[in-house]
Amino acid sequence: MDITEIALARVTDEFIAYIRRPQELGKEWALDEASEFLVLAATLLDLKAARLLPAGEVENDDDIALLEARDLLFARLLQYKAFKEIAAIMGGWLDREADRFPRLVGLEPQFASLLPELLWRHSPEKFAALARKALAPREAAPTEVGLSHLHAPTVSVLEQAQIMRAMLAAGTALSFRVLIADAETTMVVVARFLALLEMFRDAAVTFEQASPLGELQVRWTGVSRDWRSNNLSAEYAGVLSEMSVPEEAIQ
Amino acid sequence: MIEQQNSRDPGDGADMPGTDVHDLPGGAGAALEAILMVTDEPVSESQLAAAVGLGVEEVGGLLLGLQRHYDGYTGRGDGTGVGVSGSVAGKPVVDSPEFAAGQTRVTPRGFELRRVACGWRIYSRSDFAHIVSRFVLDGQSARLTQAALETLAVIAYRQPVSRARVSAIRGVNVDSVVRTLAQRGLIEETGTDAESGALLYRTTHYFLERLGIASADELPQLAPHLPGLENLQDFDDSSY
Amino acid sequence: MIEQQNSRDPGDGADMPGTDVHDLPGGAGAALEAILMVTDEPVSESQLAAAVGLGVEEVGGLLLGLQRHYDGYTGRGDGTGVGVSGSVAGKPVVDSPEFAAGQTRVTPRGFELRRVACGWRIYSRSDFAHIVSRFVLDGQSARLTQAALETLAVIAYRQPVSRARVSAIRGVNVDSVVRTLAQRGLIEETGTDAESGALLYRTTHYFLERLGIASADELPQLAPHLPGLENLQDFDDSSY
């Protein structure tokens, strides 16, 4: 592609249409993309000028890096444009095909009667269970990057707070070592430690440490008998909500 | 009559001003073929005549011509409106003698045009029944696939229902599965949707028999077990 | 296959090997036609070959012969294996004189045989669309929107692909469009991305059918629409 053959006005039109679409769909105006376009337009002018004038030069490495970044954006724009053209071609094919009707007829009776008798082993209840499954609203599959492939299982701070509260309910002080004795992973230890900090802030527990780096003794104060894990600060719970199980599941 | 003329030269069409069906490649006979090739139910001569804009008698003659042509005869025959196929020379059978005065044997097709009670329909030729049977049975299973079962369940609990709606609920195209279920006699068509005009489907008596219940009312209730049933309204046909 | 054969008894026992399909009226070509009359999906050459007891290559040649015959050419073409995409040839020119040495034009039929989605299928000829469409109640789906077409194009060329990547290319959220395309059977889920765990999508056989092409290889080349950006792949994948 010769850069000098690109009509900037056309690219501009297309880009404006491109960034307007989210807007038309009621989404936020893509300000960052709009500003990217200004950079792109400047770059295009830059490139055109450089190509048209033999003396035109790229000045320094920073400029080159910038140009590369703009190239990327430009390449994406061109790619989108290519798909748009292809879509138009495919649309034409679909229209052309709509004029042809396939032979779509039922099997003639003498052949239909040859089909093997259906094996049917569904009771009405089993069939209803099938219907329930088929009719249940399906969760929209997540658009975000999934976490399920991460091998570390997710650990809920809320859940760990509940567990420790139960352990401390008797009123005797327990060392942190004891509190994490059944922790299977480091993540659980971390979650319990974070939970303790939260509970401490709410004055639900007290800490005693006889000497620096000594055993940490944790005691349920009893002051906040009705302390619940949902006392955990909202922003904290919010941040971790992705990793948490619903509270009802714990109680 | 005019039937011989209109079939002679499809490109010409000058003999029948006002009708364009003769101008199409293959002419009026081909137009009838086009309809017959894609219709499942037999089509009456009057329906065909209305569709191609010709008289019923003329269409009757054209149909007889097609029938003879598929059966391997060509030529004018006894002169009653069979001219359509005259210009359509199939691969001649080399070792076949002349059939009769003015008629030639051509290769019969693998299909035949039959006149049944209420109209005309194209069937596979019975000589090939054993081959067709072999084909039909190849790969057939005595079991319904999971997709077919789930589609059947949706139809059973939402009947009468259009394919588009079942597709929306299941999230996949169900056309082919619905054909299988209909072929197996588990569902049947039951009129069209007043708004969209789409075909509606319901389950059959055979389905109830297989399930061991007397009527669709005896299907176990779903509602208590189905949280958010009202959300199903979201799966409407809006995307169609 | 074995268990299906014993589950029925056609009675004629004619499916035993040894029946030479060439001896039947119309020969092997007619046998193929007979099968094509009862299928509701494109049939592969190997399925047809198994049913008629011939080699896949021979069947391929016969199918091309039938195709040409329906399109109005007679005589031998230039042998088998030519013009696989001859199915896209569309309507023949009626006024054309002799087609080539040894070939004659005859009247095209009202139907055509086409190779779509890796199989063969009979269609009504598009010239008669306005006539045939009155008889096809439920066959045609609504046109795709521009957004759906663009999304479909991206998926077709980048498959298997996640919604996030399609979104990145199109610059908008494509979730609902992808859902519609899946409901229409044009795309389907095909596992998850090993790294991100995102659902991946690909186009279906039905997509090829709707486009009237035999395989995704027949899609237009993307390169000519991307002038001079030979190294686009570098950008392409790194940025998502």
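Residue numbering restarts at 1 for every chain, and letters A, B, ... go by the order of the sequence lines.
Salt-bridge annotation for C/R202 and C/E188: present, with a side-chain N of the basic residue lying under 4.0 Å from a carboxylate O of the acidic one. Classification of C/E218 and C/R115 as a salt-bridged pair fails, no side-chain N sitting under 4.0 Å from a carboxylate O.
For a residue to count as touching a neighbouring chain, one of its non-hydrogen atoms must lie under 4.5 Å from one of that chain's; by this rule C/T39 touches chain A with the backbone only. Using a 4.5 Å cut-off between heavy atoms, A/L94 contacts chain C through both its backbone and its side chain. Heavy atoms of C/Q221 lying under 4.5 Å from chain A belong exclusively to its backbone. When heavy atoms are compared at a cutoff of 4.5 Å, A/F111 approaches chain C solely by way of its side chain, counted from C-beta outward.
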**Test log, rule side chain to side chain donor-acceptor pair (under 3.5 Å), inputs C/R170 and C/T151** = CA-CA 7 Å; C/R170 291 206 48 237; C/T151 303; 2.8 Å; yes

**Request:** Starting from the C-alpha separation in whole Å, work towards a yes-or-no answer on side chain to side chain donor-acceptor pair (under 3.5 Å) for C/Y70 and C/E33.
**Result:** CA-CA 11 Å; C/Y70 300 157; C/E33 285 180 326; 2.4 Å; yes

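Of the listed residues C/V154, C/L219, C/T192, the one with more heavy-atom pairs under 4.5 angstrom with chain A than any other is C/V154. Of the residues considered (C/L144, C/D193, C/L149), C/L149 shows the highest number of contacts with chain A, using heavy-atom pairs under 4.5 Å.
Without hydrogens or angle criteria, C/R121 side chain to C/D40 main chain gives a donor-acceptor distance under 3.5 Å.
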